[in-house]
*Asks:* 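Okay, here's the structure, questions in a sec.
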Amino acid sequence: MNTTLNYGLIGCGSFGNEHMKAMLMIPGVKVTALCDIHIERCHEMNERYGLDAKCYENYNDMLAAQKFDIVVVAAVDKAHAGATVAALRAGSHVLCEKPMSLFLEDCKEMIRTADETGKLLMVGQVCRFTPGFIKAKEIVDAGVIGELYFIESEYAHDYVNLPGTDGWRTDPDREPIIGGACHAIDLVRWIAGDPIETMAYTNHKVLTHWPVNDTTVSIMKFPNEVIGKVFASIGCKRDYTMRTVIYGTKGTIIVDNTTPYLTLMLENCADNAHFANGFFGTGSERSIRHQIDVSLNNHNVAAEHQALRESVLEGKPLLMTGREGAKTVAVCRAVVEAANSGKAVQVDYE
Ligand SMILES: NC(=O)c1ccc[n+]([C@@H]2O[C@H](COP(=O)([O-])OP(=O)(O)OC[C@H]3O[C@@H](n4cnc5c(N)ncnc54)[C@H](O)[C@@H]3O)[C@@H](O)[C@H]2O)c1
């Protein structure tokens with residue numbers, strides 16, 4: 001795993017810096033090129049991390065001038081498809097940030113290009129690498145909470161001071177349920193399977209100066225009659241969270257990405273006598289609680305990079321492929337359509 005691979009980074013803003021910090025933690029990563037339309041950001045990155053990477057303001061120039069094993073696409077959402085396709089065509093594997101794209105047509109082209117070139121395409125749905133969510137999925141898959149019947153997740157993130165470079169987050173095409181809440185949608189998909197149908201409601205009461213609705217609630221029908229709900233708010237006045245609750249016939253998991261433990265509640269059968277006698281107490285006697293420590297790493301970008309390297313160097317299957325990224329976008333698009341039409345929408349995974 002110490003084999004040195006040559007990397008190029010497209011997009012040197014806030015999350016580009018997260019990628020850089022992660023890459024520098026991994027032996028065998030050599031970043032030889034940086035690209036950003038604001039080229040001064042590349043120079044700043046070189047200085048900040050003591051690199052000697054070449055700087056480009058156009059990714060086509062970068063891809064024409066140098067060869068890379070892996071290109072990381074951390075530019076704004078609308079640059080993902082163009083940069084990914086160009087990098088794949090230039091012969092690189094690609095780690096593309098989430099959302100894979102705002103549009104399904106782009107996703108299809110990205111997948112087609114990966115297939116044609118035989119290069120790996122990974123999408124940075126980072127919740128699949130978050131320790132608390134990994135532990136929750138392990139518990140569900142082991143059958144500890146019995147049969148799943150309801151799952152809810154939320155993406156609550158106040159964007160009021162986060163318009164992004166040149167205001168890209170305020171693009172009217174960047175529906176919050178796709179741009180940010182693709183994390184929550186991907187998470188419920190990962191745990192409960194691919195939703196079949198969705199209904200959704202949306203409103204616009206907080207970030208009224210932004211061109212998109214700021215709150216969306218989606219109800220989904222999953223396989224095996226599991227029901228799901230995703231709440232997305234980009235104006236909420238609270239700390240960032242992706243609180244997720246997973247209900248099974250024998251227990252419940254409460255987990256998020258900002259707390260160093262998850263809570264597992266299992267039925268306390270011995271306690272039923274209290275209820276028969278009319279004792280309701282605080283309600284907490286009803287279940288046995290386990291607090292399971294998890295490490296806090298809500299943007300575990302280093303684990304994404306490790307996973308991609310293991311696929312490139314050892315042929316391990318990729319967990320978060322382009323096809324998986326596109327399925328998440330398909331659900332997000334169905335939610336937007338349901339919210340706009342007021343009707344239930346079947347998710348189109350074609
Ligand atoms: N995985 C996560 O949890 C997570 C968190 C934050 C952001 N993101 C994603 O990362 C991406 C970047 O977000 P950010 O927070 O760094 O935004 P940012 O505004 O801080 O940085 C974006 C950078 O992209 C550059 N850029 C724009 N068009 C470009 C192009 N054509 N070629 C090269 N560079 C270009 C901008 O100049 C800017 O420097 C977005 O797609 C966002 O959705 C993911």
Side-chain angles (χ1 to χ4, degrees), residues 8-22 33-46 48 53-64 71-87 94-103 106-107 110 122-130 133 153 155-159 161-171 173-187 212 232 234 240-242 256-258 297-305 307-308 320 324-325 328-329 332:
L9 172 66
I10 301 175
C12 299
S14 155
F15 223 64
N17 273 274
E18 290 303 314
H19 277 280
M20 184 57 72
K21 285 187 262 174
L34 303 170
C35 167
D36 199 294
I37 52 170
H38 292 285
I39 195 165
E40 66 281 3
R41 294 200 164 172
C42 307
H43 299 304
E44 284 161 15
M45 223 178 219
N46 258 336
R48 187 172 303 130
K54 294 222 165 59
C55 298
Y56 301 87
E57 58 186 354
N58 181 311
Y59 58 74
N60 289 315
D61 293 343
M62 175 181 113
L63 295 166
V71 167
V72 179
V73 177
V76 300
D77 298 350
K78 277 194 170 170
H80 289 183
T84 297
V85 166
V94 172
L95 170 52
C96 174
E97 254 316 319
K98 53 51 62 178
M100 184 172 174
S101 170
L102 302 177
F103 309 106
D106 284 350
C107 298
M110 293 157 89
M122 176 170 176
V123 178
Q125 293 289 174
V126 78
C127 289
R128 298 197 189 199
F129 298 89
T130 303
F133 296 145
S153 185
Y155 177 83
H157 195 175
D158 188 357
Y159 279 11
N161 294 319
L162 282 178
T165 308
D166 306 323
W168 65 270
R169 278 195 184 85
T170 63
D171 184 322
D173 287 331
R174 198 185 200 253
E175 296 280 350
I177 197 80
I178 305 180
C182 63
H183 278 311
I185 299 240
D186 189 67
L187 182 62
V212 283
I234 57 163
Y240 168 60
T241 182
M242 271 196 56
D256 62 36
N257 53 349
T258 51
N297 195 342
N298 95 40
H299 288 104
N300 195 1
V301 181
E304 291 181 332
H305 281 280
L308 180 55
M320 201 46 234
E324 281 295 294
T328 290
V329 175
C332 296

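Computed from a predicted structure; not experimentally measured. Just follow the structure's listing: the first ligand is 1, and inside any ligand the first atom is 1. Sequence positions, counted from 1, serve as the residue numbers for this chain.
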*Asks:* To check your reading of the model: name the closest protein heavy atom to atom 12 (C) of ligand 1, its residue, and the distance in Å.
*Replies:* A74 O, 3.2 Å
*Asks:* Measure the CG-OG1 distance between D256 and T241 for me, rounded to the nearest 0.5 Å.
*Replies:* 4.5 Å
*Asks:* Examine ligand 1 and decide if any of its atoms is less than 4.0 Å from a heavy atom belonging to R174.
*Replies:* yes
*Asks:* Using heavy-atom distances only, which candidate in L9, I10, D36, D166 approaches atom 25 (C) of ligand 1 most closely?
*Replies:* D36
*Asks:* Considering only protein heavy atoms, which is closest to atom 44 (C) of ligand 1, and at what distance to one decimal place?
*Replies:* E97 OE1, 3.2 Å
*Asks:* Which residue and atom name correspond to the protein heavy atom nearest atom 20 (O) of ligand 1, and how close is it?
*Replies:* S14 N, 2.9 Å
*Asks:* For a 4.5 angstrom cut-off between non-hydrogen side-chain atoms, does M320 reach D186?
*Replies:* yes
*Asks:* Tell me which protein heavy atom sits closest to atom 31 (N) of ligand 1, plus the residue, atom name and distance to 0.1 Å.
*Replies:* A79 CB, 3.8 Å
*Asks:* Using a strict cut-off of 4.0 Å, indicate which atoms of ligand 1 neighbour a heavy atom of H299.
*Replies:* 2 (C), 3 (O)
*Asks:* May I ask you to list the atoms of ligand 1 that are less than 4.0 angstrom from any heavy atom of H183?
*Replies:* 1 (N), 2 (C), 3 (O)
*Asks:* Students should be able to answer this: which protein heavy-atom is nearest to atom 6 (C) of ligand 1, and at what distance?
*Replies:* F15 CD1, 3.4 Å
*Asks:* Suppose we measure from atom 13 (O) of ligand 1 to each protein heavy atom; which comes out shortest, and what is that distance?
*Replies:* W168 CZ2, 3.4 Å
*Asks:* Of the choices A75, G11, G82, which has the non-hydrogen atom that lies closest to atom 11 (C) of ligand 1?
*Replies:* A75
*Asks:* With atoms numbered from 1 as shown, which atoms in ligand 1 lie under 4.0 angstrom from a non-hydrogen atom of V76?
*Replies:* 22 (C), 24 (O), 27 (C), 28 (N), 41 (O)
*Asks:* Of the protein's non-hydrogen atoms, which lies at the shortest distance from atom 41 (O) of ligand 1, and what is that distance?
*Replies:* D77 OD1, 2.5 Å
*Asks:* Is it true that a side-chain atom of N257 and a backbone atom of N298 form a donor plus acceptor pair closer than 3.5 Å?
*Replies:* no
*Asks:* Tell me whether H80 reaches ligand 1 (any heavy atom closer than 4.0 angstrom to a ligand atom).
*Replies:* yes
*Asks:* Students should be able to answer this: which protein heavy-atom is nearest to atom 30 (C) of ligand 1, and at what distance?
*Replies:* I37 CG2, 3.7 Å
*Asks:* Which atoms of ligand 1 have any heavy atom of H38 under 4.0 Å away?
*Replies:* 37 (O)
*Asks:* For ligand 1, does Q125 get within less than 4.0 Å through its side chain, its backbone, both, or neither, judged by non-hydrogen atoms?
*Replies:* neither
*Asks:* If you measure from each non-hydrogen atom of R169 to ligand 1, which part falls under 4.0 Å: side chain, backbone, both or neither?
*Replies:* side chain
*Asks:* Between H80, Q125, H19, which is the residue that forms a side-chain hydrogen bond (donor to acceptor under 3.5 Å, both in side chains) with E97?
*Replies:* H19
*Asks:* Report the C-alpha distance between E18 and K21 in whole Å, list the side-chain angles of each, state the deciding distance to 0.1 Å, and finish with yes or no for salt bridge (Lys or Arg N to Asp or Glu O under 4.0 Å).
*Replies:* CA-CA 5 Å; E18 290 303 314; K21 285 187 262 174; 3.1 Å; yes
